[in-house]
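Let me begin by presenting the structure, written as structure tokens, before commenting on it.
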Amino acid sequence: MNRTDFLRTLAGSTFAVSALGNQVFAETSTGTLVETAPFKQAPLPYDFAALEPSIDKMTMEIHYGKHHAAYVKNLNDAVKGTPFETKSLEDILKTISKAPAAIRNNGGGHWNHTFFWEVMGPKKGGEPKGAVADAIKAQFGSFEKFKEEFAKAGATRFGSGWAWLVAKGGKLSIGSTPNQDNPLMDVSDIKGTPLLALDVWEHAYYLHYQNKRPDYIKAFWDVVNWDKVAENLKKA
Ligand code: MN
């Protein structure tokens, strides 16, 4: 999908008003996470259909165009006129215990989805190489063991939430967070620099997989962007 088609897809939706700011078509989304309000949704780095068959086009359209867009709009509404308006999203998350629930839920929602889109990609998957492969083997014994543990974190998160692979103090760990919490938040059980994330909210998979969350998790491995995970590890 080119930019024109993308705009056409959005035309007529309330999303178009909230998200099509001047910077929404910035080249990468990473910058959006250190910006201050008004927060903007970066473009999806690939077409809505690009992750098929692992993640279907309609799920991606609704997930990115409605769910993620709503988190951004609601976050902007929530910070308006508050001291959070002049803080970067990452700074807000670090002291999220001091923020109202609307900022926690929607700030986490914006950060998590921006991160999630980037750790996936078309024609990806396979096994990590180099430093990521070494770190995974050192921590979990093997890539297969790592996948088992990560899948378990996603499958056993009750209700809505996220599974994470994070780095902290030179070590990797796996965990999950409820709702839109993430490992950058001071309230999180699992803390560290996120390397990989998986959205296990029903909205992320229900259209195609219904109640079969483990099938969605299995298909996720075919779209993991290990190059992006390697970049994340380098910054950790
Ligand atoms: Mn989601």
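Remember, it's 1-based here, ligands and their atoms both numbered in the order they're listed. Small disclaimer: the values here were computed from a predicted structure and weren't measured.
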| Just by distance, with hydrogens left out, do His68 and Trp117 show a side-chain donor and acceptor under 3.5 Å apart? | yes

| said: Please check if the number of heavy atoms outside Lys152 that lie under 6.0 Å from its NZ is greater than 12. | reply: no

| Can any side-chain N or O of Asn179 pair as donor or acceptor with the backbone N or O of Gly161 at less than 3.5 Å? | no

| note | Sorted by chain and number, sequence neighbours left out, side-chain contact (heavy atoms from CB on, under 4.5 Å) with Lys168 holds for Lys191

| Taking only residues two or more places apart in sequence or in another chain, which ones pass side-chain contact (heavy atoms from CB on, under 4.5 Å) with Asp189? | none

| remark: Phe140 meets the ring-ring contact (aromatic ring centres under 6.0 Å, His included) criterion, sequence neighbours left out, with Phe146

| Relative to the Mn ion (ligand 1), how many protein N, O or S atoms have a separation of less than 2.8 Å? | 4

